[in-house]
Amino acid sequence: MQERYEPAAIEAEAQHYWDQQHSFEAKEDDSRAKYYCLCMFPYPSGRLHMGHVRNYTIGDALTRFMRMHGRNVLQPMGWDAFGLPAENAAIANGVPPAKWTFDNIAHMKAQFKSLGYGLDWKRELTTCRPEYYRWNQWLFLRMLEKGIAYRKTGVVNWDPVDKTVLANEQVIDGKGWRTGAIVEKREIPMYYLKITAYAEDLLDELSSMPDWPERVRVMQANWIGRSEGVRLGFPHNIGEGGVLWVFTTRADTIMGATFCAVAAEHPLAEFAAHDNPKLAAFIEDCKRGPALEAEMATQEKKGMATGLHVRHPVSGEPVPVWIGNYVLMSYGDGAVMGVPAHDERDFAFAKKYKLPIQPVIESQGRPYSLAAWEPWYSDHGRCVNSGPYDGFDYQAAVDAVARDLQAIGLGEKRTTWRLRDWGISRQRYWGCPIPIIHCRSCGAVPVPDEQLPVVLPTDLVPDGSGNPLLKDERFLNVKCPKCGADARRETDTMDTFVDSSWYFLRFACADNNQAMLDYRVQYWLPVDQYIGGIEHAILHLLYARFWTRFLREMGAVSFKEPFARLFTQGMVLNDVFFRKTDSGRVQYFNPVDVTVTADDNGKGSIAVLKADGKEVESGGVVTMSKSKNNGVDPQVLVDEFGADTARLFIMFAAPPEQTLEWSDEGVQGAFRFIKRLWKAVYDHVAQGPAAPLDRSALTEPQRALRRHSHQTLSKVTDDIGRRRTFNTAIAAVMELLNAVAKYPLTAAQDRSAVHEALEIAVLALSPIIPHVTHTLWRELGHGTALIDEPWRQIDTEALQSADVQIVVQVNGKLRAHITVAVDADDATVRAAALADANVQKFVGSSAVRKVIIVPGKLVNIVV
RNA sequence: GCCCGAAUGGCGGAACUGGUAGACGCGCCGGACUCAAAAUCCGGUCACCUAAGACGUGGUGUGGGUUCGAUUCCCUCUUCGGGCACCA
């Protein structure tokens with residue numbers, strides 16, 4: 001065995017071996033339990049980043065762990081290859097998005113291989129290839145047939161200079177990112193998918209998904225946002241007369257309604273603006289407002305009276321109608337009743353516009369003040385000043401209001417959802433074409449199945465001014481499938497979330513060019529373990545759940561939920577360094593170019609730029625990103641220390657579901673540990689083969705080492721298999737290796753116990769650092785490859801111990817440690833605890849009131 | 001603004017079901033090896049009290065509560081992070 005640890009050579013050798021043996025090519029086998037481990041596929045941005053390394057190392061470790069547990073594993077990989085960055089790169093470099101994308105894929109695939117992931121590349125898929133996206137189109141046509149896909153107008157960001165639609169990301173402070181022009185809003189026809197038809201089921205099923213993180217289920221449930229309430233009608237004589245409908249979850253406060261507020265797009269607002277230019281201007285102002293919900297919610301609450309009045313459905317009193325910039329047309333009926341006494345936003349609105357505030361709910365006897373808002377004003381309570389509803393509690397009042405108003409046609413109980421239908425039309429080139437043909441006489445005509453796929457031209461170069469498909473005559477000009485007349489192809493493409501809503505199914509049968517899915521889906525799906533960033537907790541996962549439901553209705557799959565178990569990993573952070581330039585701009589420096597020196601006692605630090613030796617400011621630790629110039633290139637790490645060190649560091653530095661802070665010293669520590677492991681095996685092997693272990697003739701130190709080895713094995717098995725805490729699994733093996741290093745070798749059996757400890761250490765770490773352990777396993781005398789080794793059985797006999805240490809507390813404070821026999825009864829333990837000298841010091845002459853005994857752990861004496 | 005998380009030594013983190021706070025690693029301090037440096041190895045390292053031990057005292061973002069016992073459960077606040085529907 002070689003004395004030096006040389007990662008480059010052993011990693012190449014191990015990877016070559018797995019390739020040759022086709023170790024990770026998955027085959028359907030009904031006789032074996034499968035394990036489908038899937039990491040969210042990457043966008044081919046150019047290079048892998050540390051977030052990818054973290055994601056894929058977690059998945060790979062689980063895949064290898066389950067493989068050693070006898071499961072028939074599948075771990076595929078693909079490319080989420082449509083999207084905006086390819087168009088941006090095209091604008092910047094004049095290269096077609098297709099070429100840029102495929103070049104990136106080639107580079108990143110090589111990076112994947114250098115990291116040693118056990119991926120089945122035979123099933124690789126790329127969403128920008130027609131073999132894949134034709135099935136987007138095919139299923140979209142099925143959705144059209146079923147009424148799940150439909151056409152309606154929607155609002156987009158319009159850059160009037162570039163004459164192009166902008167993504168929210170491309171709108172900065174209300175201006176176009178390239179032109180700086182004030183962005184307008186435009187209403188255009190678009191396709192929507194009716195995810196709301198599945199809202200109830202998407203919500204209900206969450207409660208039977210115990211293997212999804214609680215926080216993701218809560219976030220999804222809140223996103224879907226089921227609200228039980230009452231739809232109330234305020235009748236009016238405006239125009240031809242009618243009813244203003246509002247939705248409320250607080251029908252019990254109806255007698256406190258002092259105004260109604262409608263969205264700028266509401267018909268009553270438009271009616272009122274008809275002969276009122278000031279109002280029309282205000283509506284325009286609202287419509288120009290922010291597109292993002294976050295900005296919408298933080299903007300100043302503004303309103304304007306329409307001058308119109310509706311009638312209160314109970315009292316018949318006139319109620320003024322206002323336009324409010326905080327009322328969303330997309331939720332409920334686009335109108336709310338204003339109850340300033342019991343809703344914080346309505347209170348602020350009423351204060352600002354001097355609208356009356358009428359308290360109608362009693363709040364635990366505390367006085368209501370019209371001066372300032374108190375949080376408890378919105379509590380449920382008994383109705384007061386409420387005419388027929390005085391004295392009713394919340395539920396009684398809601399029920400009575402709903403019943404009374406239903407009787408006169410002005411109310412009904414109603415369930416409302418926050419979830420909106422999914423608009424999938426994008427006015428962009430680099431996406432999957434929507435398979436529609438526009439004919440002057442037949443309208444929007446679906447492309448017939450036999451004409452699929454509608455192939456996207458791959459040689460266009462967008463220049464930032466509109467979708468290049470609009471100028472591509474070859475693509476545009478078609479015959480109408482219905483009447484045969486000259487017609488024009490739809491140039492909108494699909495949201496890239498469509499591509500990622502079903503790729504996990506396609507991995508089961510990526511080679512099938514006759515059908516979207518086939519029988520193999522039945523074997524591999526659902527995904528046993530899905531792994532990805534927490535930032536996808538809502539949108540991607542919800543869309544995927546929705547698509548799976550539709551496919552189930554089509555008979556293509558037999559399950560509702562595509563991901564049995566979900567793991568959401570945390571983000572990767574790094575230091576950020578910067579200087580403010582004279583012009584007031586911030587210049588960021590990559591941490592690689594900065595030297596941080598600790599001051600004398602190691603407690604503070606100073607950062608200087610290597611280039612000029614002058615100080616830079618530290619901006620703390622933030623998510624790695626291009627904009628902050630604080631990314632670390634995994635390739636540099638792999639080249640310098642090897643893939644195993646990169647993998648070990650990223651799995652050790654933090655629990656996988658939490659954020660991870662980058663640390664160069666931590667990487668050194670991981671490298672050092674692998675070298676120590678290598679050295680420990682080297683030293684052991686150098687002394688020749690160890691004798692087989694004779695369990696019947698062990699000394700106490702040998703028994704202790706064996707106990708430690710099997711405790712470690714037990715902990716690693718549980719940490720990876722159940723808890724997914726790779727960091728504590730690694731720490732446990734480090735402890736075992738420390739014990740081996742200290743273990744004195746005197747008798748022959750000592751080397752046997754050490755041999756076992758080293759085997760367990762190597763085997764337990766192999767899912768995380770597969771290359772070095774591949775070599776070490778052979779060096780430990782095995783003729784077979786570690787990748788094919790089953791996980792080791794825990795020797796429960798080795799775990800046995802005769803006695804156990806127990807903590808003794810007096811009044812909850814630690815006062816002594818005692819050692820008792822494992823099977824000692826409570827009386828014995830109690831007596832031993834009370835007999836301890838230090839315990840006696842604290843008990844003294846006080847009467848013992850109570851003794852709490854936690855078997856095998858602790859005694860607490862209460863005096 | 002709304003929804004969801006997180007906060008523990010100089011730093012990353014551990015303590016899994018309410019039961020020994022600080023495992024493991026980094027950094028730092030001391031030592032060995034070396035002409036020297038790097039690498040490696042050994043020892044120490046929460047704060048305070050103390051000449052020095054101690055199963056002395058304090059201590060897990062803030063303030064309160066429940067409990068024999070709280071990093072863990074409940075309430076309040078603060079700060080940071082993720083998401084908010086056209087970034088993926």
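Every chain is numbered from 1, with letters handed out A, B, ... down the list of sequences.
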Salt bridge or not between [X] and [Y]? Use side-chain N to carboxylate O under 4.0 Å.
| X | Y | result |
| --- | --- | --- |
| A:Lys302 | A:Glu300 | no |
| A:Lys152 | A:Glu187 | no |
| A:Arg830 | A:Asp826 | no |
| A:Lys194 | A:Asp421 | no |
| A:Arg250 | A:Asp343 | no |
| A:Lys163 | A:Glu184 | no |

Just to confirm, is there a sub-4.0 Å distance from OP1 or OP2 of [N] to any side-chain nitrogen or oxygen of [X]?
| X | N | answer |
| --- | --- | --- |
| A:Arg215 | B:rC3 | no |
| A:Thr623 | B:rG82 | yes |
| A:Lys679 | B:rU40 | no |
| A:Arg420 | B:rA85 | no |
| A:Arg723 | B:rU17 | no |
| A:Arg418 | B:rA85 | no |

Nucleotide nearest [X] when distance is taken to its side chain, options [options]:
| X | options | value |
| --- | --- | --- |
| A:Asn727 | B:rC86, B:rG19, B:rG13 | B:rG13 |
| A:Lys813 | B:rG58, B:rG43, B:rC87 | B:rG58 |
| A:Asn157 | B:rC86, B:rG25, B:rG1 | B:rC86 |
| A:Val165 | B:rG58, B:rC86, B:rG25 | B:rC86 |
| A:Glu535 | B:rC86, B:rC84, B:rG83 | B:rG83 |
| A:Glu661 | B:rA88, B:rC87, B:rG12 | B:rG12 |
| A:Leu814 | B:rC86, B:rU20, B:rG19 | B:rU20 |
| A:Met219 | B:rC86, B:rG82, B:rU40 | B:rG82 |
| A:Lys841 | B:rG56, B:rC24, B:rG82 | B:rG56 |
| A:Phe497 | B:rA88, B:rG81, B:rG82 | B:rA88 |

Considering every strand and a 4.0 Å limit on heavy-atom distances, what is the contact class for [X]: base, sugar-phosphate, or nothing?
| X | answer |
| --- | --- |
| A:Ser663 | nothing |
| A:Val854 | base |
| A:Gln170 | nothing |
| A:Leu84 | sugar-phosphate |
| A:His536 | base |
| A:Ser425 | base |
| A:Leu292 | sugar-phosphate |
| A:Val156 | base |
| A:Asp719 | nothing |
| A:Pro42 | nothing |
| A:Lys715 | base |
| A:Arg722 | base |
| A:Tyr43 | sugar-phosphate |
| A:Ala816 | base |

- Audit row: A:Tyr543, A:Trp422, ring pair (Phe, Tyr, Trp, His ring centres under 6.0 Å) steps and yes/no: CA-CA 9 Å; A:Tyr543 292 149; A:Trp422 173 16; 3.7 Å; yes
What is the separation between atom [atom1] on [X] and atom [atom2] on [N], rounded to the nearest whole Å?
| X | N | atom1 | atom2 | result |
| --- | --- | --- | --- | --- |
| A:Arg672 | B:rC26 | CZ | C1' | 8 Å |
| A:Met190 | B:rA85 | CE | P | 13 Å |
| A:Trp422 | B:rC86 | CH2 | P | 10 Å |

Report task. Only pairs at least two apart or in different chains count here, so list each side-chain hydrogen bond (donor to acceptor under 3.5 Å, both in side chains) that has a residue in residues 644-662 of chain A. Result ->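 The answer is A:Asp60-A:Arg647, A:Asp644-A:His771, A:Trp662-A:Asp664.
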Q) So, is the end of the A:Arg186 side chain (NZ or CZ) under 6.0 Å from the ring centre of A:Trp158 and within 45° of the ring's axis? A)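 Yes, a cation-pi geometry holds between A:Arg186 and A:Trp158.
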**Asked** Aromatic rings A:Tyr5 and A:Trp678: how do their planes relate, parallel, tilted or perpendicular, breaks at 30° and 60°?
**Response**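 Tilted: the ring planes of A:Tyr5 and A:Trp678 meet at 30° to 60°.
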Quiz prompt | Atom P, compared across B:rU79 and B:rC28: separation rounded to whole Å | solution =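 My reading of the P atoms in B:rU79 and B:rC28 gives 34 Å.
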Suppose you measure atom P in B:rA88 against the same atom in B:rA6; what distance do you get, rounded to whole Å?
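Approximately 29 Å lies between the P atom of B:rA88 and that of B:rA6.
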Flag the pair A:Trp502 / A:Tyr132 as yes when their ring centroid distance falls below 6.0 Å, and as no otherwise.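 Between A:Tyr132 and A:Trp502, which both carry aromatic rings, the centre distance is below 6.0 Å.
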Original post:
Is it true that A:Phe649 and A:Phe671 have ring centroids separated by less than 6.0 Å?
Top reply: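 No, too far apart.
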Checklist entry - Just by modelled atom types, is the A:Asn630 backbone N or O under 3.5 Å from a matching donor or acceptor in the A:Asn574 side chain? => result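 Checked: pair present.
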Mark yes or no for a side-chain to base donor-acceptor pair under 3.5 Å between A:Gln427 and B:rC86, with no hydrogen or angle criteria applied.
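A donor-acceptor contact between them is present.
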Subject >> Where the chi angle of B:rG81 falls, syn if within 90° of 0 and anti if not >> reply: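 Because its glycosidic torsion lies more than 90° from 0, B:rG81 adopts the anti conformation.
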Exercise for the section: State the syn/anti category of B:rG25 according to its glycosidic angle, syn meaning within 90° of 0. Expected result: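 Glycosidic conformation of B:rG25: anti.
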Each base of RNA chain B marked ( ) or [ ] if paired in-strand (Watson-Crick or G-U under 3.5 Å), | if paired to another strand and . if unpaired gives (((((((..(((......[....)))((((((.......))))))(((.......)))..(.(((..]....))).))))))))....
Could you list the protein-to-nucleotides 67-73 of chain B atom pairs, N/O on both sides, closer than 3.5 Å?
residue: B:rC68; atom: O2; partner: A:Asn860; partner atom: ND2; Å: 2.2

